[in-house]
**Student:** 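Would you mind keeping the following structure in view while I ask a few things?
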Amino acid sequence: MTLADDAITWFVQNARDLPWRQPDTTAWGVLVSEVMLQQTPVVRVEPHWRSWMTRWPTPADLAADPPAEAIRMWGRLGYPRRAMRLHACAVAMVERHDGQVPSDLDQLLALPGVGTYTGRAVATFAYGQRHPVVDTNVRRVVSRAVEGKPDAGPNTTAADLVAMAELLPDEPARAARASIAFMELGALVCVARSPRCHECPFEEVCAWRLNGSPALEGPSRKPQRYAGTDRQVRGLLLEVLRHATAPVPRQRLDEVWNDDVQRARALAGLVEDGLVEPLGADVFVLAGDAPRVPPQAL
DNA sequence: GAATCGTGGGG
DNA sequence: TCCCCAAGATT
């Protein structure tokens, strides 16, 4: 039995019942789930995914609405640029792929917001192709079980893809099962802190365990502070704009943060990212939310 | 390659 | 409280 075999057996009995894993899920549904899941826990994604798919069942449906609607629907999922890129993605698929999610990996990777992980995840989980799908879970599992190290590096490398590729069964459908199984194992059992090794199918063969489960040496990651950062200010500004039903005067944005310099920088960043659109010098809306007929008041 | 980009929950 | 972490992508 290989690691992949054991992982698949475990997965069959322990996999979560997630909506985007239903057999009738479209490639678009898979893509939406993968983008939403970038750096975001499953429990928070699930309701957003359901709402999103109900409102925009196909890429063409989303492309027909302005980005502002996507940003609103995104709510507080975090990293709202993902909503904008998903919208841009939908537009690109309508323009270049007849409204379909492409199955070719290079075409997937050319889409906005689709990188090494997401492109391979869609090609694999939506189209059943054989690619190494490497996310933070997979890297941790491989790092421990195969390499005997307590954790993986902070970023996915070409070597990580090669390492996972070597573990994949030959048959594409089974390779896809192996990838999702490794991911699920990392998410539920081989977790970052306090792994549940006694529930792990690799318990007897895990190189890290056989090494005595050594702890991490130094501080593995950089501190990830949030309070007081531009990110927090951007979040506060966007929160106001999301709930606005009319163009927002600068004065209302001034109320959410008292540091003028930082507030201005954060707002400029949102504009530069294309999330926010200035409507004149002192009025702002979400991208594409400009009224078709400018009010007299402006 | 490092920095940046949200938000919320658990230990 | 604070710190860590969560299916990454982009510049």
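When reading the values below, keep in mind they use all heavy atoms of this one structure, side chains included, and skip hydrogens, waters and symmetry mates. Labels below follow one simple rule: chain letters A, B, ... track the order of the sequence lines, proteins then strands, and each chain is numbered from 1. Since we're looking at a predicted model, the values are computed, not measured.
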**Student:** Between A:His87 and A:Ala63, what is the shortest heavy-atom contact and its length?
**Tutor:**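 That closest heavy-atom pairing would be NE2-O, 4.1 Å.
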**Student:** Report the distance from atom CZ of A:Arg225 to atom P of B:dG8, rounded to the nearest whole Å.
**Tutor:**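 Checked: the CZ to P distance equals 20 Å.
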**Student:** Is there side-chain contact between A:Leu237 and A:Arg234, with at least one heavy-atom pair below 4.5 Å?
**Tutor:**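 With C-beta onward as the side chain, the pair stays apart.
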**Student:** Measure across A:Met36 and A:His48 and return the closest heavy-atom pair with its distance rounded to 0.1 Å.
**Tutor:**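 What the structure gives for the nearest pair is CE-O, 3.7 Å.
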**Student:** From C-beta outward on A:Arg82, which listed nucleotide comes closest to its side chain: B:dG6, C:dG8, B:dC5?
**Tutor:**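 Of the candidates, B:dG6 comes closest.
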**Student:** For A:Tyr117 and A:Glu34, which I'm curious about, is there any donor-acceptor pair between the side chains at under 3.5 Å?
**Tutor:**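 Judged by distance alone, the side chains do pair up.
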**Student:** Let's see if you get this right: which residues in residues 40-47 of chain A place a heavy atom under 4.0 Å from DNA chain B?
**Tutor:**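 Those residues whose heavy atoms fall under 4.0 Å from DNA chain B, taken from residues 40-47 of chain A in numerical order, are A:Thr40, A:Arg44.
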**Student:** For A:Asp135 and C:dC5, what is the distance between atoms CG and P respectively, to the nearest whole Å?
**Tutor:**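 It is 15 Å, rounded to the nearest whole Å.
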**Student:** Using both pair distances under 3.5 Å as the test, note the stems of at least 3 consecutive Watson-Crick or G-U pairs that include DNA chain C.
**Tutor:**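 Stem list for DNA chain C: B:2-5 with C:8-11, B:7-11 with C:2-6.
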**Student:** With DNA chain C as reference, determine whether A:Leu37 or A:Arg193 sits nearer its 5' end, using the nearest nucleotide of each.
**Tutor:**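 The answer here is A:Arg193.
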**Student:** Roughly, in whole Å, what's the span from CG in A:Leu238 to C1' in B:dT4?
**Tutor:**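 After rounding, the gap between these two atoms is 16 Å.
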**Student:** Could you give me the CA-CA distance, side-chain angles and deciding distance for A:Asp61 and A:Thr58, then say whether side chain to side chain donor-acceptor pair (under 3.5 Å) is met?
**Tutor:** CA-CA 5 Å; A:Asp61 294 319; A:Thr58 71; 2.9 Å; yes
**Student:** What is the distance, rounded to the nearest whole Å, between atom CZ of A:Arg140 and atom C1' of C:dA7?
**Tutor:**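 It works out to 11 Å between those atoms.
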**Student:** Provide, to the nearest angstrom, the distance between the CD atom belonging to A:Gln232 and the P atom belonging to B:dG8.
**Tutor:**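 These atoms are roughly 11 Å apart.
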**Student:** Using atom C1' in both nucleotides, what's the gap between C:dC4 and B:dG6 to the nearest angstrom?
**Tutor:**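 Pairwise C1' distance, C:dC4 against B:dG6, rounds to 16 Å.
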**Student:** Indicate whether the side chain of A:Thr2 and that of A:Asp5 have a donor and an acceptor atom separated by less than 3.5 Å.
**Tutor:**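 Yes, because at least one side-chain N or O of A:Thr2 sits under 3.5 Å from a partner of the opposite role on A:Asp5.
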**Student:** On a heavy-atom basis, which atom in A:Arg21 and which in A:Glu184 lie closest, and how many Å separate them?
**Tutor:**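 Smallest interatomic distance, heavy atoms only, reads NH2-OE1, 2.6 Å.
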**Student:** Which is more 5' along DNA chain B, the nucleotide nearest A:Arg234 or the one nearest A:Thr157? Just name the residue.
**Tutor:**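 Residue closer to the 5' terminus by nearest nucleotide: A:Thr157.
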**Student:** Taking only N and O in the side chain of A:Arg231, is any of them less than 4.0 Å away from OP1 or OP2 of B:dT4?
**Tutor:**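 Checking B:dT4 against A:Arg231, no side-chain N or O comes under 4.0 Å of OP1 or OP2.
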**Student:** For a 4.5 angstrom cut-off between non-hydrogen side-chain atoms, does A:Asp282 reach A:Gln251?
**Tutor:**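 No, too far: nothing below the 4.5 Å cut-off.
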**Student:** Let me know the distance between CG of A:Leu18 and P of C:dA7, rounded to the nearest Å.
**Tutor:**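 Nearest whole value for this atom pair: 12 Å.
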**Student:** Below the 4.0 Å mark, does C:dA6 have OP1 or OP2 next to a side-chain nitrogen or oxygen of A:Gln39?
**Tutor:**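 A:Gln39 to C:dA6 OP1/OP2: no side-chain N or O under 4.0 Å.
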**Student:** Are the side chains of A:Arg177 and A:Glu171 in touch, meaning some heavy atoms are under 4.5 Å apart?
**Tutor:**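 In short, these two side chains do not touch, never coming nearer than 4.5 Å.
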**Student:** Show your reasoning for whether side-chain contact (heavy atoms from CB on, under 4.5 Å) applies to A:Asn14 and A:Leu185.
**Tutor:** CA-CA 9 Å; A:Asn14 297 279; A:Leu185 203 47; over 6 Å; no
**Student:** Taking atom C1' in both B:dG1 and C:dT10, compute the distance separating them and give it to the nearest angstrom.
**Tutor:**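 Nearest-Å result for B:dG1 against C:dT10 at atom C1': 13 Å.
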**Student:** What is the separation between atom CH2 on A:Trp74 and atom C1' on B:dG8, rounded to the nearest whole Å?
**Tutor:**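 A:Trp74 atom CH2 is separated from B:dG8 atom C1' by 15 Å.
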**Student:** Return the polar atom pairs (N/O with N/O) between nucleotides 9-11 of chain C and the protein under 3.5 Å, or none.
**Tutor:**
residue : atom : partner  : partner atom : Å
C:dA9   : OP1  : A:Gly115 : N            : 2.9
C:dA9   : OP1  : A:Gly115 : O            : 3.4
C:dA9   : OP1  : A:Thr118 : N            : 2.8
C:dA9   : OP1  : A:Thr118 : OG1          : 2.6
C:dA9   : OP2  : A:Thr116 : N            : 3.4
C:dA9   : OP2  : A:Tyr117 : N            : 3.1
C:dT10  : OP1  : A:Gly113 : N            : 2.7

**Student:** Is A:Tyr226 close enough to B:dT7 that one of its side-chain N or O atoms is under 4.0 Å from OP1 or OP2 there?
**Tutor:**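 A:Tyr226 to B:dT7 OP1/OP2: side-chain N or O found under 4.0 Å.
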**Student:** Between C:dC5 and B:dC5, how far apart are the two C1' atoms, rounded to whole Å?
**Tutor:**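 Taking atom C1' in both C:dC5 and B:dC5, they lie 16 Å apart.
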**Student:** Going by heavy atoms in the side chains, are A:Asp170 and A:Arg130 under 4.5 Å from each other?
**Tutor:**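 They are in side-chain contact.
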**Student:** Same hydrophobic cluster for A:Phe182 and A:Val189, using side-chain heavy-atom links shorter than 4.5 Å among ILVMFWY?
**Tutor:**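 Yes; A:Val189 is reachable from A:Phe182 via cluster members.
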**Student:** Less than 4.5 Å apart, side chain to side chain, heavy atoms only: is that true for A:Thr25 and A:Trp49?
**Tutor:**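 Sidechains of A:Trp49 and A:Thr25: in contact.
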**Student:** Please state how far atom CD in A:Gln262 lies from atom C1' in B:dC5, giving the value in whole angstrom units.
**Tutor:**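 Going from A:Gln262 (CD) to B:dC5 (C1'), I get 14 Å.
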**Student:** When you compare B:dG8 with C:dT1, how far apart are their P atoms, in angstrom units rounded to a whole number?
**Tutor:**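 To the nearest whole Å, 16 Å.
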